[in-house]
Amino acid sequence: MSDTPVLLWLRRDFRFHDHEAMAAAAKTGAPVIPVFIHDDQVEALGAAAKWRLGLAVEAFAESLSEKDSKLILRKGAPLTVLRALIEETGAGAVYWSRRYDKPGRDTDTEVKSALSDDGIEAKSFTGHLLFEPWTVETKTGGPYKVYTPFWNAVKGTDVAPEVKTVSELRTPSDWPRSEKLDDWKMGAAMRRGAAIVAKHVNVGERAAQSRLSNFLRDRLSAYKTQRDVPASGGTSGLSENLTYGEISPRTIWHAGYREMAEGNPGAETFLKELVWREFAWHLFFHWPDMAERNWRDEWNGFDWRRDNNDAEAWRRGMTGEPFVDAAMREMYVTGTMHNRARMIVASYLSKHLMTDWRVGLRWFEDCLIDWDPASNAMGWQWVAGPGPDATPYFRVFNPETQLDKFDKDGRYRKDFIAEGQANPPETATDYFEAIPESWALTPDQDYPDRLIDLKEGRERALAAYEQHKG
DNA sequence: AGGCAATTGTG
DNA sequence: ACAATTGCC
């Protein structure tokens with residue numbers, strides 16, 4: 001048993017259960033020093049994501065202190081920070097969970113080789129995904145570009161079992177100095193909205209675990225149909241926790257798989273949704289510029305409208321299209337948006353308003369507490385047209401038809417659009433509390449007229465596409 | 001190499 | 001009924 005400490009570098013893995021890097025660190029028998037580094041990538045996060053990450057860090061630090069451990073906070077470039085900590089603590093190893101975005105991977109590769117040169121053991125572990133992206137290939141080699149074959153390929157394969165919950169971490173004789181989370185002001189860009197979004201978050205590992213078990217108990221069996229109805233609360237809501245690693249995808253997978261084995265009718269659909277996330281990360285791994293560039297090159301040069309006044313109305317939930325506006329306001333008030341609503345608002349912005357999908361993606365990045373670069377890159381490109389999916393251009397969501405199908409009783413509209421209601425619910429009035437004052441909107445003004453005739457917008461988009469194809 | 005299967009939709 | 005192109009085997 002060594003007394004040379006191990007640094008446990010945490011990024012998006014704020015949990016004790018099924019945490020390979022943490023379990024390995026604990027198993028060495030050496031003192032473990034958990035570290036979170038506020039680097040440029042953290043600095044660059046959108047307002048809501050940065051704020052929510054701060055909550056995750058805070059909650060995790062608290063869980064550590066319940067175990068008489070600590071979370072050391074430092075700001076700076078990872079390699080510089082880690083070297084300083086090694087110097088201060090005499091640590092001989094750094095463990096972490098792998099990440100799969102390009103900047104993250106580049107940083108980690110650099111850190112690993114530099115530390116190895118220093119004679120430090122630098123070790124990365126799995127944890128963010130079910131499968132390593134380089135291990136899932138088509139029969140002819142290469143990554144999958146279509147979801148269904150991807151699903152067929154992975155659904156039968158064994159997902160590694162969960163790693164046991166780490167119950168204690170040996171503490172070092174001296175703790176290195178830590179910065180204060182409050183000094184980082186991670187909620188600064190939230191302006192006056194944080195207190196409202198705070199009503200809707202579910203922070204930490206315990207919250208994530210109970211969210212999963214409540215979902216399995218109460219909503220999984222009806223998931224197949226209820227997941228499509230935004231006002232029904234039929235989804236798991238776990239994306240928020242998956243984003244920060246407050247629960248592992250393997251935990252969700254195995255729980256869903258057990259339900260499927262017991263014949264629960266919603267289980268397979270649920271697992272498929274988890275695998276959509278997986279698919280997005282595999283795509284993002286193989287096409288790291290997917291959040292900036294058209295996945296299909298032939299879309300380069302398509303005559304999108306850049307940012308514009310219609311897009312601003314879209315951001316503000318003032319398009320006059322109730323499904324779109326309810327959804328955009330849901331995102332502003334709660335920090336999340338229902339999956340079906342995401343498809344509808346994305347289709348509306350990119351087709352009816354013919355606005356560059358990257359304009360929409362950037363707004364999502366600023367507003368979502370479950371911001372996930374891979375899922376958003378895939379989702380936006382899939383809806384807008386350039387993404388990995390065949391023949392999407394004529395598949396234009398009609399937000400009015402969608403209301404009939406998925407908001408028949410008008411609950412979603414009622415929950416988030418205050419205008420015209422005698423006694424609007426808090427979720428609807430909160431919108432006017434959450435938005436910047438400069439938008440100058442009030443709940444007693446008239447609901448806006450439609451920005452564009454739906455038929456006209458659809459035809460304009462299809463015509464532009466036809467013309468671009470030549 | 002050629003056939004088959006999509007594809008969270010629309011009208 | 002329809003759309004048609006691409007991916008996968």
Side-chain angles (χ1 to χ4, degrees), chain A residues 136-157 222-232 234-236 239 266 268-280 282-283 286-287 290 294-299 302 321 323-324 327 337-352 357 360 364 375-408 412 452-470:
Chain A
V136 181
E137 289 193 321
T138 66
K139 291 256 153 64
T140 49
Y144 281 94
K145 300 165 185 171
V146 175
Y147 176 74
T148 304
F150 180 81
W151 163 253
N152 287 332
V154 304
K155 71 178 173 192
T157 56
Y223 183 73
K224 199 169 176 179
T225 54
Q226 288 308 101
R227 62 174 288 272
D228 270 324
V229 182
S232 72
T235 62
S236 76
S239 63
E268 186 172 4
T269 311
F270 180 57
L271 289 174
K272 274 180 148 169
E273 292 306 310
L274 184 67
V275 170
W276 269 106
R277 169 186 179 274
E278 186 79 12
F279 183 51
H282 287 214
L283 288 171
H286 292 289
W287 288 275
M290 230 177 114
N294 290 320
W295 189 77
R296 291 175 201 279
D297 285 338
E298 57 273 27
W299 276 80
F302 181 79
E321 214 58 72
F323 213 137
V324 174
M337 189 194 291
H338 188 274
N339 170 253
R340 171 155 296 274
R342 293 187 200 209
M343 295 190 283
I344 292 167
V345 303
S347 172
Y348 183 77
L349 182 75
S350 59
K351 306 271 167 85
H352 291 96
W357 56 271
F364 271 33
S375 292
N376 277 278
M378 177 190 73
W380 274 97
Q381 294 222 41
W382 179 85
V383 173
D389 192 73
T391 71
Y393 80 92
F394 60 85
R395 200 189 292 149
V396 177
F397 285 75
N398 181 329
E400 201 164 57
T401 315
Q402 291 285 316
L403 278 178
D404 293 339
K405 285 188 180 164
F406 302 108
D407 192 39
K408 237 185 176 48
Y412 192 50
I452 186 168
D453 178 74
L454 291 176
K455 191 165 180 231
E456 199 180 300
R458 177 175 202 271
E459 278 161 10
R460 181 176 67 174
L462 295 183
Y465 180 78
E466 286 301 330
Q467 198 202 353
H468 177 73
K469 275 199 308 180

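- For the pair A:R458 CZ and C:dC2 C1', the computed distance is 11 Å after rounding to whole Å.
- Rounding to whole angstrom units, CD1 of residue A:I344 and C1' of B:dT10 are separated by 14 Å.
- In this view, A:H338 satisfies the side chain to side chain donor-acceptor pair (under 3.5 Å) rule with no residue, not counting sequence neighbours.
- At a threshold of 4.0 angstrom between heavy atoms, the contacts of A:W151 with the nucleic acid are absent.
- No side-chain heavy atom of A:H352 sits less than 4.5 Å from a side-chain heavy atom of A:E321.
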What does the list of N/O pairs under 3.5 Å between the protein and nucleotides 7-9 of chain C look like, with a distance for each?
unit_1: C:dC8; atom_1: OP1; unit_2: A:K145; atom_2: N; d: 2.6
unit_1: C:dC8; atom_1: OP1; unit_2: A:V146; atom_2: N; d: 3.3
unit_1: C:dC9; atom_1: OP1; unit_2: A:Y144; atom_2: OH; d: 3.1
unit_1: C:dC9; atom_1: OP2; unit_2: A:K139; atom_2: N; d: 3.1

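- A donor-acceptor pair under 3.5 Å is absent between the side-chain atoms of A:R296 and the main chain of A:P388, judged by distance alone.
- Rounded to an integer number of Å, the gap from CG of A:D297 to P of C:dT6 is 13 Å.
- Note that NZ of A:K224 is 15.5 Å distant from CZ of A:F270, once rounded to the nearest 0.5 Å.
- If you measure from atom CG of A:L283 to atom P of C:dT6, you get 17 Å, rounded to the nearest angstrom.
- A straight line from NZ of A:K455 to P of B:dT10 spans 15 Å, rounded to a whole angstrom.
- Here A:I344 contributes atom CD1 and A:D407 contributes atom CG; the two are 9.5 Å apart, rounded to the nearest 0.5 Å.
- Proximity of A:R395 to the phosphate of B:dG11: no side-chain N or O atom is located under 4.0 Å from OP1 or OP2.
- Here CZ of A:F323 is found 7.5 Å from CZ of A:F406. Values are rounded to the nearest 0.5 Å.
- Rounding to the nearest 0.5 Å gives a distance of 13.5 Å between CH2 of A:W357 and NZ of A:K351.
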Intra- and inter-strand pairing of DNA chain B, written as dot-bracket with Watson-Crick and G-U pairs under 3.5 Å and | for the latter, reads .|||||..||.
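- A:Y348 and A:F397 have their aromatic ring centers separated by at least 6.0 angstrom.
- Under the 6.0 Å cut-off for aromatic ring centres, A:W276 and A:F150 do not qualify, their centroids lying 6.0 Å or more apart.
- Between A:N398 atom CG and B:dG11 atom C1' the separation is 10 Å, expressed in whole Å.
- Atom P of nucleotide C:dC2 and atom CG of A:L462 are separated by 18 Å, given to the nearest angstrom.
- Between the CZ atom of A:F397 and the P atom of B:dG11 there is a distance of 12 Å, rounded to whole Å.
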